[in-house]
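For this chain, numbers begin at 1 and follow the sequence in order. These figures come from a predicted structure and were not determined experimentally. Below, all heavy atoms of this structure are taken into account, side chains as well, without hydrogens, waters or symmetry copies.
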Amino acid sequence: MTGTYVIKESSVYHMLQDAYRERMHFEWDDLGALMNLDHSVVLQEARVFNETPIRPRQSRLLLAKIVFLLYRGDSMSTTEATNLFFSITKLFQCKDMSLRQMVYLTIKELSTISEDVIMVTSSLMKDMQPTSEITYRANAIRALCKIVDPSMLPGIERFLKGAIVEKSPLIASAALVSSLHLFNEAKDVVRRWGNEVSEALNGKSLSQNSSFFGSSSSQGQVVSTSNIVQYHAIGLLYAIRQHDRMAVLKLVQSFSGQSKGSGGWLSGGSSSSSVLRSNAAHMMLIRYAVRVMESDPSLVPLLHTLLEEWIRHRSDMVSLEAARAVCQLKDVTDKQLTPAVNALQLFLSSPKAVVRFAAIRTLNVLARTHPEAVQPCNVDMEGLITDSNRSVATFAITTLLKTGNEASVERLMKQMQGFMAEISDEFKIIVAEAVRSLCSKFPGKHGLFLGFLSGVLRDEGGYEFKRAAIEAIVDLAKHVGECREVALGHLCEFIEDCEFTKLSVRVLHFLGEEGPGTARPTVYIRHIYNRVVLENAVVRAAAVSALAKFGAAPKADAALQRSVRVLLTRCLDDRDDEVRDRAAWGLRMTGGAEQTRSRYVRDDSTFSLAVLERRLVEYCADPQAAKKARFDFAAVPRISRAQEEETRHRVRLDAMDQVLTGSALSSSAAAKDDVPQSADTRADGADRLVQYAKQLAAIPALAAFGEQPLVSSQRAVELTESETEYVVRCVKHVYERHVVFQFDVTNTIAEQVLEQVEVAMESDDIDGVLQPVVAVAIPVLRYDAPGTAYVGFERLAEDVPAASFACTLKFIVKECDPATGEPEDGDDGFEDDYSLETAELGPGDFMQATYIPDSEALWESLEDGESIETFALSSFSSIEECITKVCDLLNMCPLDGALTPRSKAAHKAAFTGKWMGRAKTVARTRMTYQKGAGVTMELAVRSEDPAVSELVVSAIA
């Protein structure tokens with residue numbers, strides 16, 4: 001019996017195996033059939049919809065094919081889609097539930113390309129009745145809201161409002177999500193549903209025994225416990241109230257006291273029903289609280305206390321979201337971070353891998369800006385190095401590298417080498433970026449870093465990973481002189497077997513920049529010339545350019561130059577014209593004068609590529625531009641190589657933020673704003689000058705001042721606080737004989753419309769150099785819609801005026817409906833005014849911050865136009881604070897290292913610019929700092945116009 005039983009058991013096992021194989025084979029056959037669907041064949045098969053009786057299974061499969069075609073991106077003409085749409089509507093006669101669901105889905109997809117889809121409204125309305133199945137009703141709401149015209153929405157408003165407060169979560173969620181989709185097209189109608197949405201959010205409808213549609217208890221529904229209705233309701237309610245800061249604040253505070261069973265901290269209390277049972281809704285509430293904190297800094301202390309309460313929430317996902325929100329707050333202190341870091345530290349020991357991953361990723365991002373705050377978690381993170389989830393282990397090691405000390409780096413690097421082959425390229429990039437940041441933090445460990453990076457270059461990996469490793473080696477070679485030749489050797493070894501053309505070009509360019517300055521440049525010339533012999537045309541061209549740089553280097557002796565010229569001469573026979581052209585250019589440069597080589601080969605400046613691209617696109621888009629004149633390269637701003645590298649570095653950090661968090665950190669964005677006169681800011685400033693010129697030329701009263709202003713402000717000056725009723729920013733434009741003040745005004749009061757908005761300016765210019773000549777008002781200023789007013793002055797003398805202007809905003813106020821923004825009928829309004837901060841005009845406003853290449857030679861040539869003065873600036877507490885203020889006053893372009901003092905006791909800085917957009921000017925400062933005495937500064941200015949030097953010095957006085 002036992003043997004028989006074993007035989008039977010084995011037989012059953014083999015039968016199950018065969019059945020499984022047959023099923024898998026069938027599924028793969030079905031998938032293959034879908035992938036090879038033919039558009040015309042499917043449309044011919046659609047005749048099955050007209051058959052009687054309806055065949056549910058065949059119709060359902062055909063609908064699936066139609067939806068697959070649409071998802072695949074196949075185009076369908078309007079006629080085909082309309083015929084197919086009305087054929088599908090005949091399937092409403094069938095009561096098969098699975099078929100009906102496919103009908104709803106197909107109707108939604110075809111509604112955007114079919115005509116007369118509104119004809120199916122009656123069938124959908126019928127399925128929304130209380131006698132229909134719950135599944136019918138929910139899907140009918142989704143389909144109806146997809147095809148309904150916004151003008152017809154009031155006709156079904158009663159049904160949708162009732163569906164929102166339905167006791168069935170399936171129906172309520174369908175109505176809420178559909179309403180959210182309709183919000184962008186019919187804001188005024190959806191805003192009227194705020195009470196019903198609040199009722200759904202508070203969960204009152206779930207306890208009712210009947211609904212707007214009538215009782216549905218006969219359907220034997222099972223009430224969901226997912227609380228998804230609250231998640232959808234809070235999203236729709238925020239969309240309705242998002243422009244009303246106080247309404248959003250009330251939404252946040254209404255659920256703030258639930259953990260203690262008390263009311264919120266703004267109102268006296270909240271109802272017992274104001275409890276969020278949905279964790280997803282709670283996470284959305286946290287994000288809304290953060291947005292309120294960003295828009296109104298005065299509420300940060302109160303809402304930060306609320307975030308700390310949510311960190312102690314019983315749900316892991318809510319606690320993690322609250323901790324993540326605290327870690328990403330702007331200007332957060334280590335003390336404020338303590339509760340969040342403590343919670344994340346506990347999550348590091350969670351048995352759930354996803355919780356550990358979320359916690360360690362948040363700490364990894366935080367460690368870049370606040371490494372000291374993350375250091376208490378080092379012991380817990382070391383335990384995660386051996387985590388079975390390699391993603392968690394990768395984040396643990398890279399975080400430890402940011403927070404650890406020099407003694408622990410070597411141990412961590414060895415552990416990291418052990419699992420590099422087990423992780424994906426995405427995490428390899430994170431590791432490479434972490435090592436790159438360590439290169440500047442611990443330069444003494446350069447040998448260890450180079451060994452690790454050269455090892456990973458030999459491993460398998462994609463382009464992005466190899467690029468990250470190459471850039472890390474390049475950083476080491478640039479900033480750590482002791483390892484430059486070793487790093488260049490590793491790069492030479494890499495390009496011998498590199499499969500990525502872009503990386504080969506990058507390495508060859510870097511070899512051309514750094515190789516000529518080494519002790520033995522001939523070592524690198526051999527590797528470079530190998531690329532000319534073995535690689536494709538793009539790499540060969542890059543190699544020729546690198547060879548030319550070796551021949552044009554200041555340290556190149558006669559023998560080296562001859563060798564390079566021989567190699568370049570051989571390249572003249574290359575089959576690619578780009579390689580031949582570069583070889584001919586290289587021969588010309590290496591045999592030319594020293595001044596020629598300095599100008600074309602060793603030039604330390606480059607074009608701002610973003611501005612150059614925009615100007616070229618505009619030039620090519622204008623058919624008449626080529627006939628009028630050649631493209632003007634002189635109008636494109638130039639920046640130094642170091643400034644270009646600074647811009648690339650910031651872009652790289654933003655990209656890493658997106659890899660780690662899915663979006664750039666608000667703190668990094670804020671840091672970008674805090675850096676004065678960054679490289680791309682100056683480039684954008686020149687491009688912004690063109691945009692300003694177009695705006696000013698479009699105003700007849702200002703167009704007579706000139707084709708475009710000679711100088712425009714690099715940054716707008718805030719004349720009000722950002723939280724006030726009216727936000728005003730000032731931009732100054734200087735013409736040959738005129739000065740124009742541009743006022744960007746924003747109305748932040750939803751219940752008001754402003755008319756005839758203008759700025760009245762009173763000058764303290766006792767000499768009468770400035771005479772007001774024109775004022776341009778804003779006709780209508782609606783809520784949250786910025787407008788621009790202008791005030792123009794004429795300069796009656798050649799003197800550069802230094803004046804202060806008392807500014808007052810004057811306007812006519814009219815009450816309006818916040819929903820429509822239209823003023824009330826018969827309201828004539830009343831005149832009102834609003835005091836603004838004082839607007840200043842000084843010598844710096846006549847200076848255009850411009851990078852001037854070879855400023856050293858310019859400085860020496862302008863010796864006769866020099867002005868020097870020494871200032872005792874006792875009000876400054878540091879050199880960094882002083883140099884930032886000086887840069888703002890001079891309004892000149894800081895050269896490399898000008899804004900980043902390396903010493904707290906002494907500093908030198910240089911600036912360049914063009915006075916009135918014409919006269920080249922160079923300024924140099926020397927500063928010393930003594931505690932108690934402040935900063936002592938010597939300012940020397942040289943300009944092509946000697947009078948300008950004295951004017952620039954007077955900007956500080």
Side-chain angles (χ1 to χ4, degrees), residues 138 141-142 163-183 190 193-194 196-207 222-242 247-259 264 270-271 273-294 303 306-328 340 343-344 347 350 352-359 361-362 661-663:
I141 291 172
R142 294 188 179 96
I164 289 174
V165 296
E166 256 288 324
K167 68 178 180 180
S168 168
L170 194 62
I171 297 174
S173 288
L176 288 166
V177 174
S178 300
S179 301
L180 190 56
H181 291 164
L182 289 170
F183 182 75
V190 178
W193 307 347
E196 286 75 15
V197 178
S198 297
E199 187 176 344
L201 177 60
N202 292 329
K204 294 178 181 178
S205 59
L206 296 178
S207 61
V222 178
V223 178
S224 171
T225 58
S226 66
N227 300 309
I228 196 66
V229 173
Q230 284 193 322
Y231 172 61
H232 293 149
I234 200 171
L236 179 57
L237 194 60
Y238 176 77
I240 293 173
R241 300 179 177 179
Q242 59 183 329
V248 176
L249 185 59
K250 290 179 181 178
L251 173 64
V252 173
Q253 68 88 26
S254 63
F255 299 98
S256 62
Q258 63 186 52
S259 60
S270 61
S271 62
S273 61
S274 296
V275 177
L276 280 183
R277 293 176 295 274
S278 169
N279 291 330
H282 223 135
M283 293 175 65
M284 295 301 295
L285 193 68
I286 292 172
R287 296 180 185 182
Y288 300 153
V290 172
R291 292 178 188 176
V292 172
M293 296 169 73
E294 292 175 348
L303 287 174
L306 182 56
L307 288 177
E308 290 185 0
E309 292 182 11
W310 280 329
I311 289 175
R312 298 187 290 271
H313 197 274
R314 63 180 179 274
S315 170
D316 289 349
M317 60 191 297
V318 175
S319 182
L320 280 168
E321 181 66 25
R324 176 177 171 271
V326 171
C327 292
Q328 293 188 1
L344 293 171
F347 287 133
S350 172
K352 301 176 183 178
V354 66
V355 174
R356 298 197 303 274
F357 178 81
R361 188 176 70 166
T362 304
T661 66
S663 60

J.: Given L201 and L276, is the side-chain contact (heavy atoms from CB on, under 4.5 Å) satisfied, shown in steps?
T.: CA-CA 8 Å; L201 177 60; L276 280 183; 3.9 Å; yes
J.: Between R356 (side chain only) and S350 (backbone N and O only), is there a donor and an acceptor less than 3.5 Å apart?
T.: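 Between the backbone of S350 and the side chain of R356 there is a qualifying donor-acceptor contact (under 3.5 Å).
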J.: Using side-chain heavy atoms (C-beta onward) and a distance below 4.5 Å, is L307 in contact with M293?
T.: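 Heavy-atom side-chain distance check passes, below 4.5 Å.
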J.: Identify the two heavy atoms, one from G235 and one from L180, that lie closest to each other, and give their separation to 0.1 Å.
T.: O-CD1, 4.2 Å
J.: Is there a donor-acceptor pair closer than 3.5 Å between any side-chain N or O of S254 and the backbone N or O of L251?
T.: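 Checking the backbone N and O of L251 against the side chain of S254, a donor-acceptor pair under 3.5 Å is found.
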J.: Using every non-hydrogen atom in the two residues, find where S319 and A343 come nearest and quote the distance to one decimal.
T.: OG-CB, 4.4 Å
J.: Side-chain contact, heavy-atom cut-off 4.5 Å: E321 with R287?
T.: yes
J.: Side-chain contact, heavy-atom cut-off 4.5 Å: N279 with H313?
T.: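 In short, these two side chains touch, coming nearer than 4.5 Å.
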J.: Which heavy atom in C327 sits nearest to a heavy atom in L344, and how many Å separate them?
T.: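 Distance-wise, the nearest heavy atoms are SG-CD1, 4.1 Å.
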J.: Would you compute the distance between atom CD1 of I171 and atom CZ of R142 and round it to the nearest 0.5 angstrom?
T.: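 Reported value, rounded in 0.5 Å steps: 10.0 Å.
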J.: Does A322 have any side-chain contact (heavy atoms from CB on, under 4.5 Å) partners at least two apart in sequence or in another chain, and if so, which?
T.: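 Partners of A322 under the side-chain contact (heavy atoms from CB on, under 4.5 Å) test: I286, W310, I311.
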J.: Can you measure from CE (M283) to CG (L320) and round to the nearest 0.5 angstrom?
T.: 8.0 Å
J.: With a sphere of 6.0 Å drawn around OH of Y238, does it hold more than 12 non-hydrogen atoms of other residues, nucleotides or ligands?
T.: yes
J.: Please report the interatomic distance CG(L170) to CD1(I228), rounded to the nearest 0.5 Å.
T.: 11.5 Å
J.: How long is the straight-line distance from CD1 of I164 back to NE2 of H232, given to the nearest 0.5 Å?
T.: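 H232 NE2 to I164 CD1: 12.5 Å, rounded to 0.5 Å.
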J.: How long is the gap from CE on M284 to CD on Q230, to the nearest 0.5 Å?
T.: 13.5 Å
J.: Looking only at heavy atoms, which two atoms of I141 and A175 are closest? And how far apart?
T.: CG2-CA, 3.9 Å
J.: Ion pair present between R291 and E294, side-chain N to carboxylate O less than 4.0 angstrom?
T.: no
J.: Can you confirm whether S179 sits close enough to V197 that some side-chain heavy atom of one is under 4.5 Å from a side-chain heavy atom of the other?
T.: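 SC-SC contact between S179 and V197 ruled out.
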J.: Kindly give the heavy-atom pair with the smallest separation between A172 and V229, and that separation in Å.
T.: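 Closest approach of A172 to V229: CB-CG2, 3.9 Å.
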J.: Got a second to check how far L237's CG is from Y288's OH, nearest 0.5 Å?
T.: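 Taking CG in L237 and OH in Y288, the distance rounds to 8.5 Å.
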J.: Can you check whether V354 reaches D316 side chain to side chain, under 4.5 Å on heavy atoms?
T.: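 Heavy-atom side-chain distance check fails, nothing below 4.5 Å.
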